[in-house]
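This report refers to the structure that appears directly beneath it.
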2 protein chains.
Amino acid sequence: MAVAKVLENPDLESALRTIKEGLARNHLLIVIGECYIDYEGRSASKLGLGERMVIVKQDGAVLVHRPKGYSPVNWQPSTTTIEVWLRSGEGLSLMAVRNRPREYLRILFTRIFLIIEGVFHDAAEFVMYLSESEIRDIIFDNPDLLEPGFKPLEKEKRIGQGAVDIFGLDSNNNHVLVEIKRVMGDRDAVFQLYNYVENYKSGVNSNVRGILLAPSFTPGALELLAKLKLEFKEIDLKKLRMLSQSGRKKPDSTLLEYMNDGRKG
Amino acid sequence: MAVAKVLENPDLESALRTIKEGLARNHLLIVIGECYIDYEGRSASKLGLGERMVIVKQDGAVLVHRPKGYSPVNWQPSTTTIEVWLRSGEGLSLMAVRNRPREYLRILFTRIFLIIEGVFHDAAEFVMYLSESEIRDIIFDNPDLLEPGFKPLEKEKRIGQGAVDIFGLDSNNNHVLVEIKRVMGDRDAVFQLYNYVENYKSGVNSNVRGILLAPSFTPGALELLAKLKLEFKEIDLKKLRMLSQSGRKKPDSTLLEYMNDGRKG
DNA sequence: ACATCTATATCGCCC
DNA sequence: GGGCGATGTAGATGT
């Protein structure tokens with residue numbers, strides 16, 4: 001059962017009791033109300049009175065959401081201890097503390113509209129397609145996608161402090177370092193590749209090629225690639241996705257069917 | 001008024017009606033239920049049946065939260081169009097589509113435990129202390145914190161494609177570029193500074209110093225700074241915070257008072 | 001525990 | 001609108 005309790009317009013004493021009970025049971029809590037928020041830790045912030053939604057998850061993660069936008073205005077990731085108390089004339093406080101790094105989040109409610117307490121049963125597996133590591137594996141298994149005659153030898157080869165995605169030899173036995181980006185390649189990606197190539201060069205006595213693989217490139221990245229004498233190649237994510245899907249169990253096609261139908265029933 | 005409607009254990013037809021009404025009014029919606037989720041866009045993902053909480057914000061942002069953790073398992077940032085429909089034998093679908101980049105998020109509910117519809121009034125200003133730009137301003141106004149005799153001349157000076165945080169002259173009239181990080185300085189930060197210095201050097205005929213300012217540095221960053229003949233200096237955030245607070249209206253001290261008291265009333 | 005890197009990063013600023 | 005850089009980035013991974 002997902003929702004255990006719904007409490008509308010409670011006075012702050014009832015709210016305190018309900019929140020304490022929910023926390024003790026490690027249930028998920030949603031508290032909607034008017035509040036002030038203070039944060040102090042790696043940085044510090046302050047937010048004046050307003051209506052917001054506070055979520056305390058079953059692992060103690062705390063999120064404070066305003067009416068708009070993807071990001072919570074304040075939050076605390078899961079490793080927290082949570083205290084709640086009531087001080088007359090002030091309101092109901094919820095304080096979430098994290099140790100590493102040491103951070104304090106305090107929410108001071110002056111008024112509460114709604115409290116929901118629940119337990120969520122959710123054991124389903126989350127499957128993500130075409131992550132960067134998956135692209136790397138596909139290129140490794142289909143090296144001609146990079147260039148004819150490429151012989152991949154090692155994934156995630158440690159170089160200096162980092163690891164280059166693919167190391168291998170081209171048809172002339174030049175050493176090749178391949179850096180892969182799943183999104184548009186930018187100057188940072190070029191610097192990363194440059195760092196690998198320079199680091200690697202210092203250890204060997206042969207020609208070393210660096211290739212940046214991405215679905216597209218910013219002008220700044222292309223300019224820098226030329227300046228640093230590095231190479232690049234576009235990858236076709238759609239093509240890769242098809243290669244990826246043919247190699248394993250077919251995913252549900254409900255979404256694609258909808259998109260192809262263009263209707264909503 | 002924040003909460004306009006609470007609907008417990010609705011059948012899917014009532015749920016459809018309520019959600020459609022809420023969307024039409026641009027209200028915030030919370031839907032708690034059992035659902036499948038498909039996403040396709042920059043990447044693609046699939047999530048099997050489980051109990052989750054879906055938030056549709058007043059700007060159309062959609063968040064799907066599982067019982068644990070800071071991050072939503074699936075989401076759609078604000079610029080979306082949202083459709084909802086019911087197909088018998090399947091369930092209630094909510095589809096959020098974004099155009100740039102083109103992305104689809106479909107949530108298929110088989111069962112709904114709770115729907116909340118509300119309007120949040122929240123005009124309060126969010127104030128963040130000691131962001132990077134604030135550190136920059138403090139250094140600019142207190143140049144001796146960098147080194148005695150430093151004369152800052154320009155903030156956010158455009159160099160190439162980016163902008164260096166502070167440009168100025170040292171006591172020997174050398175040109176100085178200062179890059180500031182409010183977190184531990186890493187190799188990326190050094191590359192960023194290096195890029196500014198090289199770019200700037202090509203335009204002038206004098207000595208150019210590059211200084212990385214951060215509260216601490218990774219070993220990799222220190223190594224790279226030496227190799228690239230760049231400088232670094234530690235900044236004391238605690239000291240800066242005091243300078244920052246003395247220079248403007250005093251922030252609420254409720255949180256600090258609590259921390260000093262060590263009690264919860 | 002620490003350093004490094006990825007992300008459907010998101011968000012905001014400036015050209 | 002695209003590029004670029006900051007973020008209390010969070011979270012995963014390797015050492």
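Keep in mind that the numbers below use all heavy atoms, side chains included, and drop hydrogens, waters and symmetry copies. Convention: sequence-line order gives letters A, B, ...; per-chain numbering from 1.
If you check every strand for non-hydrogen atoms under 4.0 Å, A:Q192 touches sugar and phosphate atoms only. At the heavy-atom level, A:P77 lies under 4.0 Å from base atoms of the strands shown. Among the atoms of the strands shown, only primed sugar atoms or phosphate atoms (P, OP1, OP2) are found under 4.0 Å from some heavy atom of A:Y196. Using a 4.0 Å heavy-atom criterion, one finds that A:E103 contacts the bases of the nucleic acid, with or without backbone contacts as well. Among the atoms of the strands shown, base atoms are found under 4.0 Å from some heavy atom of A:R98. Among the protein residues, A:G41 comes within range of no part of the nucleic acid, since none of its heavy atoms lies under 4.0 Å from any strand. Here A:S45 lies out of heavy-atom contact (under 4.0 Å) with every strand. No contact: B:D186 has no heavy atom under 4.0 Å from any strand.
Position along DNA chain D of the nearest nucleotide to B:S131 versus A:M184 favours A:M184 as the more 5'-ward residue. Across the interface with DNA chain C, nearest-nucleotide mapping of A:R100 and B:Q76 shows A:R100 to be the residue nearer the 5′ end. Of the two residues near DNA chain C, B:A44 and A:S71, the one whose nearest nucleotide lies more 5' is B:A44. Take the nearest nucleotide of DNA chain D for A:V73 and for B:G69: the residue whose nucleotide is more 5' is A:V73.
Rounded to whole Å, atom C1' of C:dT6 lies 20 Å from atom OH of A:Y129. Here D:dG3 presents its P atom at 13 Å from CZ of A:F217, a figure rounded to the nearest Å. When rounded to the nearest whole Å, the span between CG of A:D188 and P of C:dT4 equals 15 Å. When the P atom of C:dC15 is taken as reference, atom CD of B:E156 falls 11 Å away, rounded to whole Å. Here D:dA12 presents its P atom at 12 Å from CZ of A:F126, a figure rounded to the nearest Å. Nucleotide C:dG12 holds its C1' atom 13 Å from the CZ atom of B:R136, rounded to whole Å. For the pair A:K57 NZ and D:dA10 C1', the computed distance is 12 Å after rounding to whole Å. B:F191 places its CZ atom 18 Å from the C1' atom of D:dC4, with the value rounded to the nearest Å.
With distances taken from any side-chain atom of A:P219 to the nucleotides C:dA3, D:dG3, C:dT8, the minimum falls on D:dG3. Taking every side-chain heavy atom of B:W75 into account, C:dT8 is the closest of D:dG8, C:dT8, C:dC11. Checking C:dT4, D:dT9, C:dT8 against the side-chain heavy atoms of B:T218 singles out C:dT4 as nearest. Between D:dA6, C:dT6, D:dG8, one nucleotide has an atom nearer to the side chain of A:S43 than all others, and that is D:dG8.
Look at B:R42 and you'll find a side-chain N or O under 4.0 angstrom from OP1 or OP2 of C:dT10. Between A:R158 and C:dT4 there is no side-chain polar atom (N or O) within less than 4.0 angstrom of OP1 or OP2. Distances shorter than 4.0 Å separate none of the side-chain N or O atoms of A:K181 from OP1 or OP2 on C:dA7.
Between C:dT6 and D:dT7, the two C1' atoms lie 15 Å apart (nearest whole Å). The gap from the C1' atom of D:dA6 to that of C:dA7 amounts to 15 Å, rounded to the nearest Å.
For a distance-only test at 3.5 Å, the side chain of B:Q161 fails to qualify as a donor-acceptor partner of the base of D:dG3.
With a 3.5 Å ceiling on both atom-pair distances, D:dG8 lacks any Watson-Crick or G-U wobble partner.
Between A:H175 and A:F167, the angle of the ring planes goes over 60°, which puts this pair in the perpendicular group of the 30/60° scheme.
In summary, B:E198 and A:K227 do not engage in a salt bridge, as defined by a charged side-chain N under 4.0 Å from a carboxylate O.
Lacking a ring centre under 5.5 Å from that of the base six-membered ring together with a plane angle below 30°, A:Y70 does not count as stacked on C:dT10.
Side-chain contact of A:Y39 with A:E103: a donor-acceptor pair under 3.5 Å is present, judged by distance alone. No hydrogens or angles considered: a donor-acceptor pair under 3.5 Å links the side chains of A:N74 and A:S45. Residues B:S93 and B:R106 bring a donor and an acceptor atom of their side chains to less than 3.5 Å of each other.
Remark: aromatic rings of B:Y36 and B:F109 are distant, center separation not under 6.0 Å. Ring centroids of B:Y194 and A:F191 are separated by 6.0 Å or more, keeping the two rings apart.
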